Engineer: 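Please find one structure pasted underneath; my questions will follow.
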Amino acid sequence: MTDSTVLAWTADHGSHFRTRNDEYKRSAHDASVRVPLALTGPGFTGGGLIRRPVSTADLMPTLVEAAGLPVPEGVQGRSFLPLVGGGDDPGRPEEVFVQISESHVGRAVRTDRWKYAVAAPDGDPWEDSGAARYVETELYDLWADPHELDNLAGLASHRKIADNLGEALVRWMVRVGETPPEIEPAPVRDAGGRHVDPEVRQLPWDGLPFGHGATTRHPAE
């Protein structure tokens, strides 16, 4: 059976457990939203790491395609089988979408490099499935700050990045059937010398960044 069976080893959330707030899993941080996933079986042998962000919603169409069956029309998610073995999928969105409830009414998008999150200040996290108004709460440069310790929300140096991610977030919300919301920018803060560096490099074997980083407090260096 191991020669003809694909197994997905996964979970429903990461291991957040109050590392950033009073919650144990409901947060936009990677400790919560980065869900463990490994696949074994035909097409998934020999080891390997998919570096493009994929979603739990992508798992079902991936398994269907791996079984040699056509993915039905209207299925949520997109098979990431083309990414296995270093392949590419030019039509795949750059972001994955996150919805948060119970701790707060929140939304987020994550790309390979950026994490952008908003929260509804007037939303009831136990009663409201969404909101008409959100406020920016978090922006992280995951290449320079993989542990999400430096919140860049509100920095003028990263306003364009936040605006682009906010537009992507609204597109995702509309795509899943939500009403386009108002997103208020985070309060403006001094950048303190930080700036966006597009030339950040990454280690080929584990995806962690090296060099002086994507954001820096010492632009003269």
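These numbers come from a predicted model, not from an experiment.
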Engineer: Under a 4.5 Å side-chain heavy-atom rule over Ile, Leu, Val, Met, Phe, Trp and Tyr, are Met60 and Val71 clustered together?
Structural biologist: yes
Engineer: Has Asp58 got a side-chain atom pairing as donor or acceptor with Arg78's backbone, closer than 3.5 angstrom?
Structural biologist: yes
Engineer: Can you tell me if Thr5 uses its side chain to pair, donor with acceptor, with the backbone of Met1 under 3.5 Å?
Structural biologist: yes
Engineer: Could you tell me if the side chain of Arg110 sits less than 4.5 Å from the side chain of Phe97, heavy atoms only?
Structural biologist: no
Engineer: Can you check whether Gly154's main-chain N or O pairs, donor with acceptor, with Arg159's side chain at less than 3.5 Å?
Structural biologist: no
Engineer: Check whether Ser55 reaches the backbone of Val96 with its side chain - one donor and one acceptor, N or O, closer than 3.5 Å.
Structural biologist: no
Engineer: Are Glu148 and Lys115 within salt-bridge range, i.e. N to O under 4.0 Å?
Structural biologist: yes
Engineer: Could you tell me if the side chain of Pro53 sits less than 4.5 Å from the side chain of Arg113, heavy atoms only?
Structural biologist: no
Engineer: Using a 3.5 Å distance criterion without hydrogens, assess whether the side chain of Arg133 forms a donor-acceptor pair with backbone atoms of Pro181.
Structural biologist: no
Engineer: What distance separates Leu59 CG from Leu39 CG, expressed to the nearest 0.5 Å?
Structural biologist: 6.5 Å
Engineer: Under the side-chain contact (heavy atoms from CB on, under 4.5 Å) rule, what do Ile100 and Val105 come out as? Steps first, then yes or no, please.
Structural biologist: CA-CA 6 Å; Ile100 302 170; Val105 179; over 6 Å; no
Engineer: Are any of the side-chain heavy atoms of His158 and Leu139 separated by less than 4.5 Å?
Structural biologist: yes
Engineer: Could you see if Val170 belongs to whatever hydrophobic cluster contains Tyr116? Use Ile, Leu, Val, Met, Phe, Trp, Tyr and a side-chain cutoff under 4.5 Å.
Structural biologist: yes
Engineer: Tell me, with the steps shown, if Val135 and Ile183 meet side-chain contact (heavy atoms from CB on, under 4.5 Å).
Structural biologist: CA-CA 5 Å; Val135 177; Ile183 297 180; over 6 Å; no
Engineer: Would a hydrophobic clustering, with Ile, Leu, Val, Met, Phe, Trp and Tyr connected at side-chain separations under 4.5 Å, put Val84 with Val54?
Structural biologist: yes
Engineer: Can you give me the closest heavy-atom contact between Ala28 and Ala108, atom names plus distance?
Structural biologist: CB-CB, 4.0 Å
Engineer: Within a radius of less than 6.0 Å around CZ of Arg189, do more than 12 heavy atoms belonging to other residues, nucleotides or ligands occur?
Structural biologist: yes
Engineer: Please report the closest heavy-atom contact between Pro70 and Val64, naming both atoms and the distance.
Structural biologist: O-CG1, 3.5 Å
Engineer: Look only at the side chain of Asp141 and the backbone of Trp114, and say whether a donor-acceptor pair between them is shorter than 3.5 Å.
Structural biologist: no
Engineer: Check whether any side-chain heavy atom of His147 sits under 4.5 Å from a side-chain heavy atom of Asp30, and report yes or no.
Structural biologist: no
Engineer: For residues Trp172 and Glu95, is any side-chain donor paired with an opposing acceptor at under 3.5 Å?
Structural biologist: yes
Engineer: Checking Ser157 side chain against Ala191 main chain: does a donor-acceptor pair fall under 3.5 Å?
Structural biologist: no
Engineer: Checking the side chain of Ser79 only, and the main-chain atoms of Glu65 only, is there a donor and an acceptor separated by less than 3.5 Å?
Structural biologist: no
Engineer: For the pair Arg194 and Asp150, find out whether any cationic side-chain nitrogen is under 4.0 Å from an anionic carboxylate oxygen.
Structural biologist: yes
Engineer: Do Asp112 and Trp143 meet the criterion of a side-chain donor-acceptor pair at a distance under 3.5 Å?
Structural biologist: yes
Engineer: When you compare the side chain of Pro42 with that of Val6, does any pair of heavy atoms fall below 4.5 Å?
Structural biologist: yes
Engineer: Quick one: does Asp128's side chain have a donor or acceptor within less than 3.5 Å of a partner on Asp124's backbone?
Structural biologist: yes
Engineer: Check the pair Asp88, Arg52 against salt bridge (charged side-chain N to carboxylate O under 4.0 Å, His left out), reporting the backbone distance first and the verdict last.
Structural biologist: CA-CA 9 Å; Asp88 193 16; Arg52 293 278 298 274; 3.1 Å; yes
Engineer: Calculate, to the nearest 0.5 Å, the distance between atoms CG and CD belonging to Asn151 and Glu138 respectively.
Structural biologist: 6.0 Å
Engineer: If I take atom CD from residue Glu184 and atom CD from residue Glu182, how far apart are they, to the nearest 0.5 angstrom?
Structural biologist: 5.0 Å
Engineer: For Gln76, look at atom CD and say whether over 12 heavy atoms of other residues, nucleotides or ligands are found less than 6.0 Å away.
Structural biologist: no
Engineer: Spell out, yes or no, whether Leu83 and Leu37 are grouped together once hydrophobic residues are joined by side-chain heavy atoms under 4.5 Å, including indirect joins.
Structural biologist: yes
Engineer: Determine, using the 4.5 Å side-chain heavy-atom cutoff (strictly less than), whether Val196 and Val109 are members of one ILVMFWY cluster.
Structural biologist: yes
Engineer: Roughly how far, to the nearest 0.5 Å, is the CG atom of Asp12 from the OG1 atom of Thr56?
Structural biologist: 8.5 Å
Engineer: CG of Asn164 to CG of Leu169: how many Å apart, nearest 0.5 Å?
Structural biologist: 12.5 Å
Engineer: How long is the span from the CG atom in Leu69 to the CG atom in Leu63, to the nearest 0.5 Å?
Structural biologist: 11.0 Å
Engineer: Determine the minimum heavy-atom distance between Gly77 and Pro61, stating which atoms define it.
Structural biologist: C-CG, 3.9 Å
Engineer: Which residues pass the ring pair (Phe, Tyr, Trp, His ring centres under 6.0 Å) test with His29, sequence neighbours left out?
Structural biologist: Tyr140
Engineer: Under 3.5 Å, side chain of Thr45 to main-chain N/O of Gly41, donor-acceptor pair present?
Structural biologist: no
Engineer: Within the structure provided, determine whether Glu178 and Arg107 are in side-chain contact (heavy-atom separation under 4.5 Å).
Structural biologist: yes
Engineer: Using side-chain contact (heavy atoms from CB on, under 4.5 Å), reason through Phe44 and Thr62 one step at a time and then give a plain yes or no.
Structural biologist: CA-CA 11 Å; Phe44 301 98; Thr62 300; 4.2 Å; yes
Engineer: What's the verdict on side-chain contact (heavy atoms from CB on, under 4.5 Å) for Val174 and Thr179, showing C-alpha distance, side-chain angles and the deciding distance?
Structural biologist: CA-CA 6 Å; Val174 171; Thr179 302; over 6 Å; no
Engineer: At their closest point, which heavy atom of His13 faces which heavy atom of Pro36, and how far apart are they?
Structural biologist: O-CD, 3.9 Å
